[in-house]
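Before any comments, here is the structure.
Labels below follow one simple rule: chain letters A, B, ... track the order of the sequence lines, proteins then strands, and each chain is numbered from 1. Excluded from the calculations below are hydrogen atoms, water molecules and symmetry mates; all remaining heavy atoms, backbone and side chain alike, are included.
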Amino acid sequence: MTAAEIREEILDILEAIAPDEDLSNIDDSVNFRDQLELDSMDFLDIVMELRKRHRIQIPEDDYIELASMNSTVAFLEPLMKDIQKV
Amino acid sequence: MYDTIIIGAGMSGLAAGIRLAYFDQRVLVLERHFTIGGLNSFYRLRGRDYDVGLHALTNITPKGSKRGPLARLLRQLRLSWDDLQISPQLGSDIVFPGVRLSFDNDLDLLREEVAREFPLQIDRFDRLIAEIVEYDDLDESHQQISARERLAEALTDPLLVEMLFCPLMFYGSAREHDMDWGQFSIMFRSIFMEGLGRPHAGVRLILKQLVRRYRGLGGELKLRAGVQRLAVEDGRVTGVVLENGEEVAARRILSSAGWSETMRMCDDGAPVVSRVPGRLSFCETIASLDVEPHTLGHNRTITFFNDSEKFDWSRPELPCDLRSGVICSPNNFQYGKPLDDGTIRITALANFDYWRHLDEHDYRLEKLRWYDSITASAVRFVPDYRHRVVDTDMFTPTTIVRFTGHENGAVYGSPEKQFDGRTHLENLFVCGTDQGFVGIIGSIVSGISMANQHCLRE
């Protein structure tokens, strides 16, 4: 997946987690926690969705990398480069 | 071999089941009873629909709210706010001799009421609210300090303190006389700062949504499947033995059966660590009316009443405590269309030992007698509706035991909670009433958080 595709995938996951949320104006540089008020349970869910959808294992120490869209995409790019977008 | 077996198809068990099934686990929910719901169930009697536990949902924040337990559980269960079809309350009262405080889902009303009835307390009340806002409910080190001590410092009018405790204890204190400060803060937010609401179809709507979601994800549910014991080998649980003798293997078990009840099921010979069982149980009367309550001049959603200045939250010596109670009308929510029947429900504290020792004949007579006494007590605080009653029902502490298995009919379980959900066995966990939070929203959050903490990370 390219960086743009990974971003789409993360948006899709966020939409699954928060179906009532408007994600069209998300700022990629701002923390999810601040703009979407995600809590620790939601961050676990992003990790679990990635595992469910793409078999990617993210150790708990790396959860901090999922703070914003920019940091998440940068962190996932090497892990997801061989995954085909379906 | 199941990944997880969940004991109990109540709110917490089903919510946990959804989480695990969603993340592709093989999950089995076992329910001893012939129907789902546990403490919060529903039934049909003589052509009318009834809820068992539900007066109102607490924690009702408006659609679009991002914070609070309701928003959190919707995200976790991948439900939309509209799925629960919640209508907010019309408004509720706390009534003590000579004083009435009204509240609705906007904290400003309660503030104005406190300022009017207790003008010298309002600044202190505001500071108390600020402190409650700060309390972090995801912090597991629940401050086990006495809410009574904390409130005696915060407010100087004992009557206001009693009036605040009354609804919060009725809706969720397993402890007699007092609450933990953490539990007080959580309940205060859930009732006074977030608010009350109800689906038009009642608790069945919520349960049906949970079961539909659970089954849709491939989760399995067995009714009339009581667990006789848990099979234990070398400090691990390996599965369950059902009452019909069937054995089912699992990699872990999450039990919502209650702490002591779960410990007794373990066949490892480990002594059951004694834990003070809850003592607080209820009787509830339910009256169906041939009119809506508002035509009798009653438009309150919930009326919490107490007939003296001191509120006594303890197991009564008498079969039922007639000094205080909760009067609920399921009609008085902001629905788009009216309910089929008018209904008034009254909840009063009750003594389990008294009810449990009655033979069948006396039990029936005592139910009739206490139905009348509880109703007579309540109509001191709401318009008398007794001439419009077309049908009645009533439950007692023994009914609660039959449907929930809770020791002593203790609706809110043991006063001593197992917040981390762990047991002496490394792959046996508890959720539901004895883990932490109570009420419908609290139970669902309990199931979710125990599933997340103990069953999903590996």
inquiry  = More than 12 heavy atoms of other residues, nucleotides or ligands under 6.0 Å from CZ of B/R67: yes or no?
reply    = no
request  = Would you please name every residue forming a side-chain hydrogen bond (donor to acceptor under 3.5 Å, both in side chains) with B/D106, sequence neighbours left out?
outcome  = none
request  = For chain B, find its close neighbours in residues 66-81 of chain A: heavy-atom separation under 4.5 Å, sorted by number, or none.
outcome  = none
note = B/H200 meets the ring pair (Phe, Tyr, Trp, His ring centres under 6.0 Å) criterion, sequence neighbours left out, with B/Y335
key: Distance, nearest 0.5 Å, that separates NZ of B/K66 from CD of A/Q35   = 8.0 Å
task = Determine which residues belonging to residues 43-50 of chain A lie within contact range of chain B, meaning some heavy atom pair is under 4.5 Å apart, and list them by number or answer 'none'.
result = A/L44, A/D45, A/M48, A/E49
ask   = Take atom CD in A/E5; do more than 12 heavy atoms of anything else shown fall under 6.0 Å from it?
value = yes
message = To the nearest 0.5 Å, what is the distance between CE on A/M41 and CD on B/Q453?
response = 7.5 Å
query = Can you tell me how far CZ of B/F23 sits from CZ of A/R51, rounded to the nearest 0.5 angstrom?
reply = 8.5 Å
query = If you look at every heavy atom in A/A16 and B/R78, which pair is closest and at what distance?
reply = O-CD, 2.8 Å
request  = Drop me the distance from B/Q76's CD to A/I17's CD1, to the nearest 0.5 angstrom.
outcome  = 8.0 Å
task = With a 4.5 angstrom heavy-atom cut-off, could you sort out which part of B/L77 is near chain A: side chain, backbone, both or neither?
result = neither
